[in-house]
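A short write-up of the structure that comes next.
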Protein chains: 2
Amino acid sequence: MTVSKAAEKSSEKASNAAKGRKDAPEGLPEALQLGELSEQLGYVLKRAQLKVFENFLRCMASLQLTPAQFSVLLLVEKNPGRNQTEIASTLGILRPNFVAMLDNLESRDLCARIRSTNDRRSHILVLTDKGKAVLTRAKKLVATKHESRLNELLGQANREALLEMLSKIANEF
Amino acid sequence: MTVSKAAEKSSEKASNAAKGRKDAPEGLPEALQLGELSEQLGYVLKRAQLKVFENFLRCMASLQLTPAQFSVLLLVEKNPGRNQTEIASTLGILRPNFVAMLDNLESRDLCARIRSTNDRRSHILVLTDKGKAVLTRAKKLVATKHESRLNELLGQANREALLEMLSKIANEF
DNA sequence: TGATAATTGTTATGAACCATATCAAATATC
DNA sequence: GATATTTGATATGGTTCATAACAATTATCA
């Protein structure tokens, strides 16, 4: 009885429809069978990614940073003095779409565009003092509230193995 | 000289900018340092997911199936007789957005909406004969061209471990 | 029973994200 | 010095994702 929920209802639809009765006492809110779906790499990968981004946003709510914005700040901090094209392209962001992102970060005084003196077409990107401070706090939040959950969930060794496999896929698939 | 185009300019920016010279012969096409980014779960996960979807689309080019469409066909096959709300919600698709998806699949004669006789509000979903045939071919393509790459890349044991960890994240994060 | 509430598929609509073409200013090329 | 290329930017269109609202149907329950 408890196992047969899905059976009950889809057979209700199937059989009751044929017999025209609707008064059979009902079981539970039966879940669908995922079947082969749960073995599909893309499916599982996408759902995991959504969950992780969701959790990231919750952890960063106080700083109002999206994963993309966080990645920009990290990359600018690690590579000061690079221009928009360089930062955007290594993040896989198209130049036109990067403009609004920077407008946002700059309006919040987290990073700044500086006209380059030796190539006056390009804008050098740097973190402001506030940007550095916010990034420091962001890193702490990510480490303690976000990445730490991975360790709790998988254990240190598995966590590292997972990151390694994902990097391999990202680079060699 | 041929290799150094990109290098010329950006190290020119970093070092030459300070010294004010632009004539130094240049090194290599320097890539940016990813730094902590490559350890960020969300970043690596997203990039891996994009690569996997990209590969999926290439493998399915002959059948013109997106990952989302493939998942719908799989789920309908495994759970015949369910309505739109049930199929959409277990895939995380909002009902309004599911309408156009079904319009597409139905216009290609891959699945059909059947007015339920015991609840005339709802549409029962089923695969058409063509839908079943296409899904069979799709599964083969996915198995031989897509999922098989995972084994080549990671090995059977690691592949299973990866899927398990991703499922855990998707369900418990 | 009949009035009211809830559900189903649908449409309309807007936000967010992604991609292409194009432009002016600046620089590189030859 | 004429031509081509690069940079940041704008405009624009296409997807994807989310919410509100509606008609038809069914459930609820006084």
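Since the model is a prediction, treat every value here as computed from it, not as a measurement. All chains are named by letter (A, B, ...) in the order of the sequence lines, taking the proteins before the strands, and each is independently numbered beginning at 1. The basis for the numbers below is simple: all heavy atoms, side chains too, and nothing from hydrogens, waters or symmetry mates.
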Residues at least two apart in sequence or cross-chain that pass side-chain contact (heavy atoms from CB on, under 4.5 Å) with A:Phe53, listed by chain then number, are A:Gln49, A:Pro67, B:Lys46
Phosphate contact (D:dA9 OP1 or OP2) by A:Arg113 side-chain N/O below 4.0 Å: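 Checking D:dA9 against A:Arg113, a side-chain N or O does come within under 4.0 Å of OP1 or OP2.
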Within the structure, does a side-chain N or O atom of B:Thr85 lie under 4.0 Å from either OP1 or OP2 of C:dG9?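 Yes, such a contact exists.
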Rounded to whole Å, please give me the gap between [atom1] in [X] and [atom2] in [N].
X	N	atom1	atom2	value
A:Glu106	D:dG8	CD	P	12 Å
A:Arg115	C:dT27	CZ	C1'	13 Å
B:Ile93	C:dT10	CD1	C1'	16 Å
B:Phe98	C:dT8	CZ	C1'	13 Å
A:Asn83	C:dA25	CG	C1'	15 Å
B:Arg82	C:dT7	CZ	P	17 Å
A:His123	D:dT6	NE2	P	18 Å
B:Asn118	C:dT8	CG	P	13 Å

Any ring pair (Phe, Tyr, Trp, His ring centres under 6.0 Å) pairs touching [range], not counting sequence neighbours?
range	answer
residues 85-114 of chain B	none
residues 142-173 of chain A	A:Phe56-A:His146, A:His146-B:Phe173, A:Phe173-B:His146
residues 110-145 of chain A	none

Set of residues satisfying salt bridge (Lys or Arg N to Asp or Glu O under 4.0 Å) with respect to [X], sequence neighbours excluded:
X	answer
B:Glu54	B:Arg58
B:Asp103	B:Arg113
B:Glu164	none

For B:Gln156, I'd like to know if atom CD has over 12 heavy atoms of other residues, nucleotides or ligands within 6.0 Å. yes
Ionic contact status for A:Arg159 with A:Glu147, cut-off 4.0 Å: yes
In B/S/- notation (B base, S sugar-phosphate only, - none; protein heavy atoms under 4.0 Å), nucleotides 13-25 of chain D written 5' to 3' is ----BBBB---BB
Non-neighbouring partners of A:Arg137 that pass side-chain hydrogen bond (donor to acceptor under 3.5 Å, both in side chains), sequence neighbours left out: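 side-chain hydrogen bond (donor to acceptor under 3.5 Å, both in side chains) check on A:Arg137 returns nothing, list empty.
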Extract all donor-acceptor atom pairs below 3.5 Å that involve side chains of residues 36-43 of chain B and protein atoms in other chains or at least two apart in sequence.
{"residue": "B:Glu36", "atom": "OE2", "partner": "A:Lys139", "partner atom": "NZ", "Å": "2.7"}
{"residue": "B:Ser38", "atom": "OG", "partner": "B:Gly35", "partner atom": "O", "Å": "2.9"}
{"residue": "B:Tyr43", "atom": "OH", "partner": "B:Arg47", "partner atom": "NH1", "Å": "2.9"}

Which of residues 52-65 of chain B sit near DNA chain D, with a heavy atom under 4.0 Å from it?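 DNA chain D contact set from residues 52-65 of chain B: none.
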For the helix from C:dT1-D:dA30 to C:dC30-D:dG1, figure out the bend between the end axes, five pairs an end, and round to 10 degrees.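 The end axes of the helix from C:dT1-D:dA30 to C:dC30-D:dG1 are about 20° apart, to the nearest 10°.
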